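All values reported here derive from a predicted model rather than from experimental measurement.
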Amino acid sequence: MHRVHVIGLGLSRQDLTLKHLKIIESADLLVGGQRHLDYFRNTDVEKRVITRDIASVIRDIKERMDAHKIVVLASGDPLFYGIGTTLVKALGPDRLVIHPNVSSPAAAFAAICEPWEDARLISFHGRVVENLEDIIRSSHKIAILTDGTHTPGWLAGRLISQDMGNFTAHVFECMGSDKEKIYSFDSLDSLVDHPFEMPNIVLLKQNNDSQENAAAHETLPGQDIVVAGQGDGDFCGAPGVSIYPGMPDDQFYHENGLITKSEVRSVVLSRLKLDADHYTFWDLGAGSGSVSIEVSRFLRRGRLFAVEKNENRIPLIEQNIEKFGVSNLTVCHGKLPHLLGDLPDPDRVFVGGGGKNISEIIEIAGKRLSPDGVIVVNTVLLQTMNMAVETFKQMGFETRFIQLQVSLGKAMPFGERLEALNPVWIITGLKQRT
């Protein structure tokens, strides 16, 4: 069995290492956008162009990957909202080798010697973010990938029309090519009618008085990049919609009411203690993926993995990912606890399913959990609750449990009544730092 190699080109072929080139030369099939393949027009290997019909490309890869060495070329960094993200979802992380490279935001910030760990990232490839003004207004530093319609001038005009023009701006054209140019502007007015070559990326930084105004708005962690596509726009994702804790159940695609209920979800998120945005998160027994979707709002720089054994529910999770524009959530189909060995070590774990295997699942997850990490288990069964509590205690975890009983108001002809939902046990295990 061959693993598919996904190689980021960085800004151009010149960013490839000797290791990358050796892997490419050994390929039986080279897959990429036309401009990527043009770099290797003299390489004697079969080539497959990625088009907007990404599904057919994935089918070809699946049919040939067992017998052939396949290499996929990607723009920038494959996992920076690129084709690597799509392939992880389609093939699974165990069938891929990802070779990261320089992303366009990293290169742009480096070009002006500007740290960017505090930057918000937005993509216009395909669609415009619905809450664009809210994101920009509450941000100090923003990087925006534009497209042929939503250009730097279009962006500047939209912000100025909303009295949000007090930014300094940099525009980077055709990075990594012979036509590369960098422009700097003291205000957005100069961008409105300025033509720029594609592709380009815009960096915005609020002026001091704008920063003071932004402080008056609540800045919450959120899923700021809502499009999962290749960096150069060869593949486009879908628009995202607002994500917030305890969203109504009918906001999600789910199977016959099999979903972690809204009120329970809110408590689970509080128990997970999502106090940093870079955590790795496991959602075990993900069902519809509703918990992962809401967790993504807080872990915007993290890696999220939703594991579900029921094959019929995988498309539901993927539909929810597309609806909410979540680009850092990977769906894994398989039984627990067998898949866990293929996942990176977690910082936070939610177990919404596991049944009689709950003790083994907690033991495996707990051993790999980072110090001060948290595992939250939901169950409606007394037996599962007892097994979870005992396992946490045996592992030396600080253990807490509650029973949550929720009753929902229901309208009647002459008033309202309360309808009780099934009581749920929520067990929390905190790994002690040794």
Non-hydrogen atoms of [X] and [Y] that approach each other most closely:
{"X": "Ser75", "Y": "His36", "result": "OG-NE2, 3.0 Å"}
{"X": "Gly289", "Y": "Asp283", "result": "CA-OD2, 4.4 Å"}
{"X": "Ser296", "Y": "Asn328", "result": "CB-OD1, 4.2 Å"}
{"X": "Lys62", "Y": "Ala90", "result": "CE-O, 3.4 Å"}

Using a 3.5 Å distance criterion without hydrogens, assess whether the side chain of [X] forms a donor-acceptor pair with backbone atoms of [Y].
{"X": "Asn101", "Y": "Asp15", "answer": "yes"}
{"X": "Lys141", "Y": "Pro115", "answer": "yes"}
{"X": "Thr146", "Y": "Asn200", "answer": "yes"}
{"X": "Arg400", "Y": "Thr428", "answer": "no"}
{"X": "Gln206", "Y": "Ser139", "answer": "yes"}
{"X": "Trp425", "Y": "Leu404", "answer": "no"}
{"X": "Lys47", "Y": "Thr43", "answer": "yes"}
{"X": "Thr168", "Y": "Lys205", "answer": "yes"}
{"X": "Thr151", "Y": "Gly148", "answer": "no"}
{"X": "Thr399", "Y": "Phe397", "answer": "yes"}

His99 and Val97: CA distance, side-chain angles, deciding distance, side-chain contact (heavy atoms from CB on, under 4.5 Å) verdict: CA-CA 7 Å; His99 301 268; Val97 180; 3.5 Å; yes
If we count only N and O atoms by modelled type, under 3.5 Å, do the side chains of [X] and [Y] hold a donor and an acceptor together?
{"X": "Asp77", "Y": "Ser103", "result": "no"}
{"X": "Ser290", "Y": "Thr260", "result": "no"}
{"X": "Asn386", "Y": "Glu390", "result": "no"}

[X] and [Y] aromatic centres sub-6.0 Å:
{"X": "His68", "Y": "His2", "answer": "no"}
{"X": "Phe196", "Y": "Tyr183", "answer": "yes"}
{"X": "Phe392", "Y": "Phe401", "answer": "no"}

Atom pair [atom1] ([X]) and [atom2] ([Y]), whose distance is rounded to the nearest 0.5 Å:
{"X": "Ile317", "Y": "Glu322", "atom1": "CD1", "atom2": "CD", "result": "14.0 Å"}
{"X": "Arg137", "Y": "Leu132", "atom1": "CZ", "atom2": "CG", "result": "10.0 Å"}
{"X": "Leu21", "Y": "Leu16", "atom1": "CG", "atom2": "CG", "result": "5.5 Å"}
{"X": "Met65", "Y": "Leu87", "atom1": "CE", "atom2": "CG", "result": "9.0 Å"}
{"X": "Ile427", "Y": "Thr379", "atom1": "CD1", "atom2": "OG1", "result": "6.0 Å"}
{"X": "Ser370", "Y": "Asp345", "atom1": "OG", "atom2": "CG", "result": "8.5 Å"}

Criterion salt bridge (charged side-chain N to carboxylate O under 4.0 Å, His left out) on Asp275 and Arg348, from CA distance to verdict: CA-CA 11 Å; Asp275 55 355; Arg348 298 291 186 268; 3.4 Å; yes
Worked verdict on Glu308 versus Lys335 for salt bridge (charged side-chain N to carboxylate O under 4.0 Å, His left out): CA-CA 7 Å; Glu308 174 56 47; Lys335 294 183 178 180; over 6 Å; no
Any [X] side-chain heavy atom under 4.5 Å of [Y] side chain:
{"X": "Gln403", "Y": "Val424", "result": "no"}
{"X": "Phe305", "Y": "Ser292", "result": "no"}
{"X": "Arg300", "Y": "Arg120", "result": "yes"}
{"X": "Leu421", "Y": "Ser407", "result": "no"}
{"X": "His5", "Y": "Ile70", "result": "no"}
{"X": "Lys356", "Y": "Thr384", "result": "no"}
{"X": "Val351", "Y": "Asn378", "result": "no"}
{"X": "Leu73", "Y": "Val31", "result": "no"}

Neighbour count above 12 (heavy atom, 6.0 Å) for Gln432 CD: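 Yes.
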More than 12 heavy atoms from other groups under 6.0 Å of CG on Leu18: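 Check fails, neighbour count at 12 or below.
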Kindly assign one of parallel, tilted or perpendicular to the pair [X] and [Y], based on the angle between their ring planes and the thresholds 30° and 60°.
{"X": "Trp116", "Y": "Phe109", "value": "parallel"}
{"X": "Phe124", "Y": "His150", "value": "perpendicular"}
{"X": "Phe172", "Y": "His170", "value": "tilted"}

Residues Ile54, Ile50; criterion side-chain contact (heavy atoms from CB on, under 4.5 Å); working and verdict: CA-CA 7 Å; Ile54 192 69; Ile50 294 177; 3.9 Å; yes
Between [X] and [Y], is there a side-chain N and carboxylate O pair less than 4.0 Å apart?
{"X": "Arg3", "Y": "Asp66", "result": "no"}
{"X": "Asp249", "Y": "Arg265", "result": "yes"}
{"X": "Arg368", "Y": "Glu363", "result": "no"}
{"X": "Lys431", "Y": "Glu398", "result": "no"}
{"X": "Glu197", "Y": "Lys181", "result": "no"}

Face-on cation placement of Arg13 at Tyr39 ring, 6.0 Å and 45° thresholds: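 Not satisfied by the 6.0 Å and 45° rule.
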Audit row: Val45, Leu29, side-chain contact (heavy atoms from CB on, under 4.5 Å) steps and yes/no: CA-CA 6 Å; Val45 61; Leu29 175 64; 5.8 Å; no
Name of the residue among Asp347, Asp277, Asp118 meeting salt bridge (charged side-chain N to carboxylate O under 4.0 Å, His left out) with Arg301: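 Result for salt bridge (charged side-chain N to carboxylate O under 4.0 Å, His left out) with Arg301: Asp277.
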Chi angles and distances behind the ring-ring contact (aromatic ring centres under 6.0 Å, His included) call for Phe252, Phe324: CA-CA 9 Å; Phe252 297 95; Phe324 291 98; 5.4 Å; yes
Ile122 vs Ile136, side-chain contact (heavy atoms from CB on, under 4.5 Å): CA-CA, chis, key distance, verdict: CA-CA 9 Å; Ile122 302 173; Ile136 292 179; 4.2 Å; yes
Qualifying residue, where the test is side chain to side chain contact (heavy atoms under 4.5 Å, CB included) with Leu203 and the options are Ile112, Ile182, Ile142: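 The side chain to side chain contact (heavy atoms under 4.5 Å, CB included) with Leu203 is passed solely by Ile112 among Ile112, Ile182, Ile142.
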